[in-house]
Number of protein chains: 2
Amino acid sequence: MTATQELTKNQSLVFDALARADGPLSAYTILDQLRNDGFRAPLQVYRALDKLLDYGMIHRLESINAFVACAHPHTHSHGHGMIAFAICEKCGQVSEFSDDIITGRVREWTNSNGFKQSKTTIEIRGVCANCGTA
Amino acid sequence: MTATQELTKNQSLVFDALARADGPLSAYTILDQLRNDGFRAPLQVYRALDKLLDYGMIHRLESINAFVACAHPHTHSHGHGMIAFAICEKCGQVSEFSDDIITGRVREWTNSNGFKQSKTTIEIRGVCANCGTA
DNA sequence: TGACAAATGTAATAACATCACATATCGAAA
DNA sequence: TTTCGATATGTGATGTTATTACATTTGTCA
């Protein structure tokens, strides 16, 4: 994995499905979308998702059991900045941002408590600006 | 709901199970523990969990589909400070903390983006001090 | 070419959560 | 005190999400 990742057929299909979508998709929704491409079983989706997560090309939203294509593919390929997600419960849109101060505060806590963090989830549930005014 | 919440029988049973436990429990683990108390179906557990979440007496850990009794029952009954959880993937122990700066940064983002947040999840996965040195 | 690693196909099963409907319990208003 | 509504409960079926197990194929490279 260097600049762009060479993807296998299944990985490409799954990634494209997520990239096409205007919001997060569940694994089973992806499966249904890919039936015509030969997908028959959940594992085909989950295996591709695992790799895409490894490569940092997609994110998993823990609070809604769904997956999104990464919004800023270049930006945070470099660093260990944590990514926060704001998830609209009306329209499903997800906004992605990262904040060095939050990242720093979390790291301060983990350092002073001897906790080795591997992955950190920050998910804000609520209603986005569009849906709030409507 | 004032100082302490008056709980129904099922709610008490579920809460006690979580309070007894030394770590997070899944809904189905709770169900199994309460078979002798007359529990027969998942819904009995989920309904109690929903109420206890309402009352702020327990938390749901989204990243592991499990529930814990609130560690600081008095502390954050007051405010809207977000709570972060550090979850050890070796021993399952969960540490709970809140940080005003993180809370503030999140609120800054939501305010400047017109996002009305309802619930925010911060979960740090990793290895705790005890398990890391062992 | 032979051999190993990675990817794939498929069925079955496990784990997590909700729906639909019937019944019971309790408090407040008529 | 009766009646009504809100809340809680019991139970079976079903829906949704994720993994296990095992067989097969494909790609890489010595």
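Every value quoted in this text rests on a predicted model; they were computed, and no experiment measured them. Proteins get letters first, then strands, A, B, ... in listed order; numbering begins at 1 in each.
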Participant: Can you tell which of dC16(C), dT11(D), dA18(D) lies closest to the side chain of F67(A)?
Facilitator: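 Output: dA18(D).
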Participant: Between dG9(C) and R47(A), counting only base atoms on the nucleotide and side-chain atoms on the residue, is there a donor-acceptor pair under 3.5 Å?
Facilitator: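 A donor-acceptor contact between them is present.
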Participant: Taking a hydrophobic cluster as the set of Ile, Leu, Val, Met, Phe, Trp and Tyr residues connected by side-chain heavy atoms closer than 4.5 Å, whether directly or through intermediates, do I101(B) and I122(B) fall within one such cluster?
Facilitator: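 No, it is not one cluster - the side chains of I101(B) and I122(B) are not joined through contacts under 4.5 Å.
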Participant: Which whole-number value in Å describes the distance from L34(B) CG to dG10(D) P?
Facilitator: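 Taking CG of L34(B) and P of dG10(D), I get 12 Å after rounding.
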Participant: OP1 or OP2 of dG9(C) less than 4.0 angstrom from a side-chain nitrogen or oxygen of Q44(A), does that happen here?
Facilitator: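 True: Q44(A) side-chain N/O within range (under 4.0 Å) of dG9(C) OP1/OP2.
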Participant: Rounded to whole angstrom units, what separation is found between the OH atom of Y46(A) and the P atom of dA15(C)?
Facilitator: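 Between P of dA15(C) and OH of Y46(A): 15 Å.
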Participant: May I have the distance from D32(B) (atom CG) to dA15(C) (atom C1'), rounded to whole angstrom?
Facilitator: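 In whole Å, dA15(C) C1' lies 12 Å from D32(B) CG.
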Participant: Could you give me the CA-CA distance, side-chain angles and deciding distance for E89(A) and K116(B), then say whether salt bridge (Lys or Arg N to Asp or Glu O under 4.0 Å) is met?
Facilitator: CA-CA 10 Å; E89(A) 293 177 322; K116(B) 281 203 190 71; over 6 Å; no
Participant: Distance-only, no hydrogens or angles: does the S112(B) side chain make a donor-acceptor pair with backbone N or O of E108(B) under 3.5 Å?
Facilitator: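 Side chain of S112(B) to backbone of E108(B), a donor-acceptor pair under 3.5 Å: yes, one is there.
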Participant: Of all the nucleotides listed (dG9(C), dA18(D), dA7(C)), which has the minimum atom distance to the side chain of Q11(A)?
Facilitator: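 The closest nucleotide is dA7(C).
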Participant: Both A66(B) and F39(A) contact DNA chain C. Taking the nearest nucleotide for each, which residue is further toward the 5' end?
Facilitator: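 Closer to the 5' end of DNA chain C: F39(A).
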Participant: Measure the distance from CG on D54(B) to C1' on dT7(D) and round it to the nearest whole Å.
Facilitator: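 It is 13 Å, rounded to the nearest whole Å.
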Participant: If you check every side-chain atom of T8(B), which of dT8(C), dT19(D), dT9(D) has the closest atom?
Facilitator: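 Side chain of T8(B) sits closest to dT9(D).
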Participant: Nearest-Å distance, CG (L49(B)) to P (dA8(D))?
Facilitator: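 Distance check: L49(B) CG to dA8(D) P gives 14 Å.
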Participant: Taking the nucleotide of DNA chain D with the closest heavy atom to each, which residue, P42(B) or T29(A), is nearer the 5' end?
Facilitator: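 Nearer the 5' end of the strand: P42(B).
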Participant: Rounded to the nearest Å, what distance is computed from the CG atom of residue D37(A) to the C1' atom of nucleotide dT8(C)?
Facilitator: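 Spelled out: CG on D37(A) to C1' on dT8(C) is 15 Å.
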Participant: In terms of side-chain heavy atoms, does E123(A) have a donor or acceptor partner in S63(A) at a distance below 3.5 Å?
Facilitator: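 There is such a pair (donor and acceptor under 3.5 Å, judged by atom type) between the side chains of E123(A) and S63(A).
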Participant: If you check the L43(A) side chain, which of dA11(C), dT8(C), dA18(D) turns out closest?
Facilitator: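 Given the options dA11(C), dT8(C), dA18(D), the side chain of L43(A) is closest to dA11(C).
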Participant: Out of dA8(D), dA7(C), dC16(C), which nucleotide sits closest to the side chain of K51(B)?
Facilitator: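 Side chain of K51(B) sits closest to dA8(D).
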Participant: Checking contacts here: which listed nucleotide (dT8(C), dC16(C), dT17(D)) is nearest the side-chain heavy atoms of Y28(A)?
Facilitator: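 Closest nucleotide to the Y28(A) side chain: dT17(D).
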Participant: What is the distance, to the nearest angstrom, from the CD1 atom on I30(B) to the P atom on dA15(C)?
Facilitator: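 After rounding, the reported distance stands at 16 Å.
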Participant: When you measure from the side-chain N and O atoms of N65(B) to the phosphate of dA15(C), is any distance below 4.0 Å, counting only OP1 and OP2?
Facilitator: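 For N65(B), the contact criterion (side-chain N or O under 4.0 Å from OP1 or OP2 of dA15(C)) is not met.
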Participant: Measure CG/L13(B) against P/dA8(D) and give the value in whole Å, please.
Facilitator: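 After rounding, the gap between these two atoms is 15 Å.
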Participant: Among dT10(C), dT17(D), dA17(C), which nucleotide sits nearest the side chain of R60(B)?
Facilitator: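 Nucleotide nearest to R60(B)'s side chain: dA17(C).
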Participant: Kindly say whether the aromatic ring centers of H59(A) and F85(A) come within a distance under 6.0 Å.
Facilitator: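 Here the rings of F85(A) and H59(A) have centres that are less than 6.0 Å from each other.
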